[in-house]
Amino acid sequence: MANNTKTANPMKVITGKDTRWSYANVWEAKSINGGTPKFSVSLIIPKSDTVTVGKIRAAIQAAYEEGQAKLKGNGRSVPPLTALKTPLRDGDAERPDDPAYAGSYFVNANSTTAPGIVDADRNPILTRSEVYSGVYGRASINFYAFNSNGNKGIACGLNNLQKIRDGEPLGGKASAESDFATDDDDDFLD
């Protein structure tokens, strides 16, 4: 019997639906410190989502194995994975003052091309206000080895995003809807 299943890319991951998006810079590419403009998002993954965390760890390992020639560069040997920069980071350790990152890992993903963005029913989202830092959704990401200007490691590329549900906006900015939710004129002088 023939095997008709396509070979999955071991370096590609679809995150779980409880992944929260932060620093969602997904509509316009932005340059950081004069670098190449990129689209980016910080993906906050609950530590309880052991399936997604396991997939990410396996994808990082696959990217390390696939990228050994690049990681070796002009050196004599490939540095061990533990000595390299990797994208899976601990929110409790690295962002202890940010409650959005508590009990979570995070991965910063970016791309020079705009991600496709769809809703829970896979319809394209065209209204920018629908996607903001704080929403929950799945992300299609891929991991790859890099060796640039003496920096070596594994990076995370952003492919596509699927918004699953709204969440409390991050960053302290209130939405227009919440600011005007009541008809009270308490803020005006009598």
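Excluded from the calculations below are hydrogen atoms, water molecules and symmetry mates; all remaining heavy atoms, backbone and side chain alike, are included.
- No path of Ile, Leu, Val, Met, Phe, Trp and Tyr side chains, each step under 4.5 Å between heavy atoms, connects V135 with F39, placing them in separate hydrophobic clusters.
- The shortest side-chain heavy-atom distance between I117 and E130 does not fall under the 4.5 Å cut-off.
- I164 and V131 end up in different hydrophobic clusters when Ile, Leu, Val, Met, Phe, Trp and Tyr side chains are linked at under 4.5 Å.
- The heavy-atom pair separating T127 from W27 by the smallest distance is O-CZ2, 4.0 Å.
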For residues 15-24, which side-chain donor-acceptor pairs fall under 3.5 Å, sequence neighbours excluded?
from: T15; atom 1: OG1; to: T19; atom 2: OG1; distance (Å): 3.3
from: T15; atom 1: OG1; to: A139; atom 2: N; distance (Å): 2.9
from: D18; atom 1: OD1; to: R165; atom 2: NH1; distance (Å): 3.2
from: D18; atom 1: OD1; to: R165; atom 2: NH2; distance (Å): 3.2
from: T19; atom 1: OG1; to: G16; atom 2: O; distance (Å): 3.0
from: R20; atom 1: NE; to: G134; atom 2: O; distance (Å): 3.1
from: R20; atom 1: NH2; to: E168; atom 2: O; distance (Å): 2.6
from: W21; atom 1: NE1; to: G137; atom 2: O; distance (Å): 3.4
from: S22; atom 1: OG; to: Y101; atom 2: OH; distance (Å): 3.4

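- Under a hydrophobic clustering in which Ile, Leu, Val, Met, Phe, Trp and Tyr are joined whenever their side-chain heavy atoms come within less than 4.5 Å, directly or via other members, Y132 and F106 fall into different clusters.
- Hydrophobic clustering (ILVMFWY, side-chain heavy atoms < 4.5 Å, transitive): I56 and V41 are in one cluster.
- Rounding to the nearest 0.5 Å places CD of Q162 at 10.0 Å from CG of N123.
- In this view, S111 and T113 satisfy the side chain to side chain donor-acceptor pair (under 3.5 Å) rule, not counting sequence neighbours.
- Looking at every heavy atom in both residues, N110 comes nearest to S40 through CB-CB, 3.8 Å.
- Rounding to the nearest 0.5 angstrom, the gap separating the OH atom in Y105 from the CD1 atom in I44 is 14.5 Å.
- For NZ of K38, the number of neighbouring non-hydrogen atoms (other residues, nucleotides, ligands) closer than 6.0 Å is 12 at most.
- Distance CG/L81 to CD1/I60: 7.5 Å, rounded to 0.5 Å.
- Nearest heavy-atom pair across V78 and K72 is CG2-CB, 3.8 Å.
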Between L84 and T82, is a side chain to side chain contact (heavy atoms under 4.5 Å, CB included) present by the stated rule, with each step listed? CA-CA 6 Å; L84 297 172; T82 54; over 6 Å; no
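- Applying the salt bridge (Lys or Arg N to Asp or Glu O under 4.0 Å) rule to D166 yields the partners K163; only residues at least two apart in sequence or on another chain are considered.
- Here the closest non-hydrogen pair linking P79 and Y64 is O-OH, 2.8 Å.
- With a 4.5 Å cut-off on side-chain heavy atoms, Q61 and E65 count as touching.
- Side-chain atoms of N33 do not come within 3.5 Å of backbone N or O of G35 as any donor-acceptor pair.
- To the nearest 0.5 Å, the span separating CG on N159 from OG on S140 amounts to 3.5 Å.
- Here L43 contributes atom CG and T52 contributes atom OG1; the two are 10.0 Å apart, rounded to the nearest 0.5 Å.
- Screening residues 83-95 for salt bridge (charged side-chain N to carboxylate O under 4.0 Å, His left out), with sequence neighbours left out, gives K47-D90, K47-D92, R89-E94.
- Contact of the N160 side chain with the V118 side chain is not registered, since no non-hydrogen atoms from C-beta on lie closer than 4.5 Å.
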Show the atom names and distances, to 0.1 Å, of all donor-acceptor pairs under 3.5 Å that link a side chain in residues 141-158 to residues at least two apart or in another chain.
from: N147; atom 1: ND2; to: K70; atom 2: O; distance (Å): 2.9
from: K152; atom 1: NZ; to: L71; atom 2: O; distance (Å): 3.1

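- Here K30 pairs with nothing under the salt bridge (Lys or Arg N to Asp or Glu O under 4.0 Å) rule; sequence neighbours left out.
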